[in-house]
Every structure is written in C-alpha cells, then in structure tokens.
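In what follows, residues are counted from 1 in the order of the sequence shown.
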Amino acid sequence: MINQTCQEQFILLGFSDRPRLESILFVFVLIFYLVTLVGNILIILVSHLDPCLHTPMYFFLTNLSFLDLCFTTSSIPQLLFNLGGQDKSISYIGCAVQLFMFLGLGGTECVLLAVMAYDRFTAICKPLHYSVIMHSQLCWKLVSVAWSVGLLNSLVMSPVTMKLPRCGRCQVRHFLCEMPALIKIACVDTVAVESTVFILSVIIVLVPLTLILISYSYIALAVMRIKSASGRRKAFNTCGSHLTVVSLFYGNIIYMYMQPGHKASQDQGKFLTLFYNLVTPMLNPVIYTLRNKDVKGALKRLVTRK
C-alpha cells in the first residue's frame, strides 16, 4: 500500500519542520515571484517592441528572461501552495514534470550564459566585425544549441532518477523534486547514478564555465588596451553585469551538483536552491537591463508613444 502511494505521489517536506518560517517565507517568496514575473516580462516586451533593441545582446537577454520565467514558474507556484497549507503532496507525474523542466532549464541557462559571454567577447575584442560575425542566423543557431543541450540533459537524467527504487520512501526532504533529493531517498546503491550526474555536470556546467572564463580573459586584455577611461568604464559595466549573474548562478549550481547526492539537499541546499531558483531570476532584470541607459530610453519612448 505504501509502495502504491509512492507511485502516485511524493511528500515535499520542504520547510515543514519550521512552521513559523513557512509563513514568513510565503510572503517573501510571493513578493519575489511577482517581481520576477514583472521584471522579466517587461524586458521581453521592451526588447520586442523597441527597434533600437533588436540587437544580438538583447536577443540573448530576451531568451534569458523567458528562460528565467519558465525556470521560476516550474517550482515556485508549487512551493507557495505547500507553504500556504497543510498539504505537502505532489503527484508522481507532477514531480516528473518538475524534475524534467528543472534539469532542462538549468542546463539551458548554463550554455546560454556561455553564449552571452561569446557575444560580449566579439563586441569588445572584434568590434569592427561584430555585426558580420553575430548575424541573426548564428544567434538563432547558438540559442538552439543552448535549448537542445538542456533538453538532452532532461531526457537523459529525468527517467534515470524517477525509475530508482524507493521501497516506500516518498518523503522528499526538499521543497521541489530536485535530482539530489530524489537520489537520496533511493533504497539501492546509487553510485552509478551519482557518477553519471557528476560526468554530465562536468560537461554541462564546467565546460561552459571554462569558455566564459576564457572569453573574459581575452576581454580583460582588450579592455586594458583601451586608452579612453570612459571606454574602459563602459566595457567593464557591460561585462560586470554578466559576470555578476554568472557568479550567482554557477556558484550555487556547482555546490549542488558537483557532489554526491547523499551530501546535497540538506537545509543549506534548500536555501541555495531557493536562491538560484527565485532570487537570481529576480535580480537578472536589474543587473542586466533595468540599470541600462538603452532600456531606460526604450521605456521612455514607448511611454511617450502611448
């Protein structure tokens, strides 16, 4: 009977061991989620409606905003439902869908951040050839590669994780169906699965991160050769925004996935997951564009036009 129940649903324990914290988290998570929705939707609309923002940089930012909307929405509504009531359950299908989206969107963002670093590398190191190199077909191909890598990651890891025998264990010590938490409740030896996770993490996480670091090494050398102080400042401001987001995202991802499943998803892991699943998508619009003069100008033009 327990085995049948666990085939139908899981119990997301989340923060249920801290009832007072749940009510506080509900308010903060709801506010952060609404701000995330408004900020990222605003970026998508402005980038689409203003012709001045029809450039490769804002094309990639639009994809990042759409990705963040999907990434956050894949788990935060379920978290709000669990925080606001006594029912902490999620159906087996719902858990599988959540895991599939979480792995896919996370893998896509890793590659997309590397693509954005290449865009900045081309803009700063090869400014005269930028429009020729970063043509629309290449931009679409790079974005397609990023989404394909995320989809492949989900197709490989989601079935493996969901099919692990659990011997009636259906209480997940997390607020979402995350891979390390699901691996932890398995009742069989998970060394093979954890090894696969580690190998895929190296490919999907460390390879793009290495490309980002190489790109910014060349960017730093190019910026140091710029004689104009205002030119250096503009280059550092543009790249600084991207590096900030890279640090926030990759720092949490590496901690969560570059270690065995039995060492992850403790209390610290819950808050780190909440951070890169909610706080980072909320900060992205602010870090990237809402401080940007081009976006502010586009907003003023749209308001004036209305």
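- The nearest pair of heavy atoms linking C170 to Q9 is CB-O, 3.9 Å.
- Residue Y218 is grouped with residue L243 when hydrophobic side chains (ILVMFWY) are merged at heavy-atom distances under 4.5 angstrom, including chains of intermediate members.
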Step-by-step side chain to side chain contact (heavy atoms under 4.5 Å, CB included) determination, N284 to L61:
CA-CA 9 Å; N284 283 353; L61 285 176; over 6 Å; no

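- Put simply, the side chain of T196 does not reach to within 4.5 Å of the side chain of V160, judged on heavy atoms.
- Contact check for Y250 versus L113: side-chain heavy atoms found under the 4.5 Å cut-off.
- Between S148 and S144, the shortest heavy-atom distance links the atoms OG-O, 2.7 Å.
- No side-chain heavy atom of L274 sits under 4.5 Å from any side-chain heavy atom of V279.
- Of all heavy-atom pairs between I212 and A114, the closest is CG1-CA, 3.6 Å.
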Check the pair V115, V145 against side chain to side chain contact (heavy atoms under 4.5 Å, CB included), reporting the backbone distance first and the verdict last.
CA-CA 10 Å; V115 170; V145 169; over 6 Å; no

Compile the donor-acceptor pairs under 3.5 Å between side chains in residues 123-141 and protein atoms, sequence neighbours left out, one pair per line.
unit_1: Y130; atom_1: OH; unit_2: D119; atom_2: OD1; d: 2.6
unit_1: H135; atom_1: ND1; unit_2: Q137; atom_2: N; d: 3.4
unit_1: H135; atom_1: ND1; unit_2: L138; atom_2: N; d: 3.2

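- Residues L164 and I183 have side chains in contact (heavy-atom distance under 4.5 Å, counting atoms from C-beta outward).
- With hydrophobic clusters built from ILVMFWY side chains whose heavy atoms lie under 4.5 angstrom apart, F10 does not share a cluster with L13.
- Nearest heavy-atom pair, L12 versus N82, reported as atom, atom and distance to 0.1 Å: CD1-ND2, 3.6 Å.
- A chain of hydrophobic side-chain contacts below 4.5 Å, direct or via other Ile, Leu, Val, Met, Phe, Trp or Tyr residues, connects M57 to L112.
- Counting only heavy atoms from C-beta outward, the side chains of L176 and L79 never approach each other to under 4.5 Å.
- Remark: L21 CG is packed, more than 12 non-hydrogen atoms of other residues, nucleotides or ligands lying under 6.0 Å away.
- Residues H54 and H48 share a closest heavy-atom pair of NE2-O, 3.0 Å.
- The aromatic rings of F175 and F15 sit parallel, their planes meeting at an angle under 30°, below the 60° perpendicular limit.
- The two residues F249 and G106 come nearest to each other via the heavy atoms CZ-O, 3.8 Å.
- Between F71 and F102, the ring centre distance stays below 6.0 Å.
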